[in-house]
Amino acid sequence: MGKNNLTIVTEFILMGFPDYPELEIALFMAFLSFYLVTLLGNLGMLILIQEDARLHTPMYFFLSHLSLLDTCYTSVITPQVLATLATGRTVISYGQCAAQFFFFTVCAGTECFLLSVMALDRYVAVSNPLLYTVAMPPRICWALVLGAYVCGLTGSILRTSCTFTLSFCDDNQINFFFCDLPPLLKLACSDTKDTEIVIIFCGNFVILVNALVILISYLLIIKAVLKVSSSGGRAKAFSTCASHLTAVALFFGTLAFMYLRSASGTSLEEDKAVSVFYTVVIPMLNPLIYSLRNTDVKAAFTKVTGRFQVSQSV
């Protein structure tokens with residue numbers, strides 16, 4: 001079948017990590033461990049926030065949606081990776097590939113906007129702590145979260161439609177572990193220049209707009225903190241933002257490295273390593289980032305586990 005004879009591809013073959021067949025068992029165990037820890041951490045965070053009244057605040061409301069997104073995010077990708085590692089390759093239909101790409105980009109895009117919403121939330125909490133819950137009532141919180149989901153959904157529809165209107169010829173082997181943008185662009189047999197321009201522009205816009213919102217929020221936070229007279233008060237105010245800043249740096253840093261580049265002249269193995277980090281590792285790290293130094297989460301965990309132990313002993 002020639003390149004000029006454009007046909008509709010009905011399935012793709014995910015190759016996974018074909019250059020490292022001797023590591024398949026080790027990689028399978030590593031990905032499985034990461035996935036189980038991710039589910040345990042994020043679902044555990046959702047349960048704690050639901051069960052403990054002390055965590056019924058705007059910050060933990062937004063954090064619960066971050067945990068939900070991370071759970072969906074990794075669940076769209078990791079089971080497919082495990083299947084590919086177990087069998088050496090995975091056949092995935094054109095529709096399944098498009099669906100995986102769509103839901104993955106929905107989660108990634110929504111998380112970008114949610115992290116900027118959480119930055120605004122931190123500014124409100126630091127600048128006016130006594131009126132924090134008054135300034136961020138449930139109605140406002142839900143509006144901000146729904147706005148993040150709508151923006152993520154809109155961006156995903158655009159990226160998916162641009163990607164899957166490309167022509168794919170007889171070569172249907174994706175040298176990657178899921179249906180991501182860079183390997184799909186490399187596989188397309190039609191001209192991808194216009195598609196790349198649109199997708200990179202949208203990626204730049206989403207990342208830069210949200211980064212700007214986060215930057216402005218933290219500049220305002222710094223301004224508010226500097227007005228606090230005691231050094232202890234300033235340290236406490238900054239400590240409430242440390243977890244969010246860490247999550248922002250990890251997520252936006254890897255996304256920027258992965259997508260704010262042209263698809264030409266980049267290493268596919270490098271893309272795989274970065275993709276593993278932001279699709280598997282970051283969703284696993286976020287619950288740890290938000291809980292290790294958080295006394296409220298630790299207290300909620302102690303309360304919930306104590307209640308469980310009591311119910312077991314009865």
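In this text, all values refer to a predicted model and were calculated from it rather than measured experimentally.
For the pair Asn204 (side chain) and Ile200 (backbone), a donor-acceptor distance under 3.5 Å is present.
Ring geometry for Phe168 against Tyr94 counts as perpendicular: the plane angle is over 60°, on a 0 to 90° scale with 30° as the lower cut.
In summary, the aromatic rings of Tyr123 and Tyr218 are positioned with their centroids too far apart to meet the 6.0 Å limit.
Within 6.0 Å of CD1 in Ile25 there are 12 or fewer heavy atoms belonging to other residues, nucleotides or ligands.
In terms of heavy atoms, Val117 sits closest to Phe62 at CG1-CE2, 3.6 Å.
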Could you check Tyr149 against His65 for side chain to side chain donor-acceptor pair (under 3.5 Å), going step by step and ending with a plain yes or no? CA-CA 10 Å; Tyr149 281 108; His65 283 274; 3.1 Å; yes

Verify side-chain contact (heavy atoms from CB on, under 4.5 Å) between Leu144 and Ile140, making sure each step is shown before the conclusion. CA-CA 6 Å; Leu144 290 170; Ile140 297 295; 4.0 Å; yes

As a quick check of understanding, evaluate side-chain contact (heavy atoms from CB on, under 4.5 Å) for Val124 and Leu120, giving each step before the final call. CA-CA 6 Å; Val124 175; Leu120 291 172; 5.7 Å; no

Give the C-alpha distance, both sets of side-chain angles, the deciding distance and a yes or no for side-chain contact (heavy atoms from CB on, under 4.5 Å) between Leu32 and Leu82. CA-CA 7 Å; Leu32 180 60; Leu82 293 173; 4.0 Å; yes

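Of the candidates Phe251, Phe205, Phe252, Asn210 forms a side-chain contact (heavy atoms from CB on, under 4.5 Å) with just one, namely Phe252. Checking each of Leu187, Ile13, Ile92 against Ile174 for a side-chain contact (heavy atoms from CB on, under 4.5 Å) leaves exactly one that passes, namely Leu187.
Cys97 has its side chain within reach of Phe164: a pair of non-hydrogen atoms, C-beta onward, lies under 4.5 Å apart.
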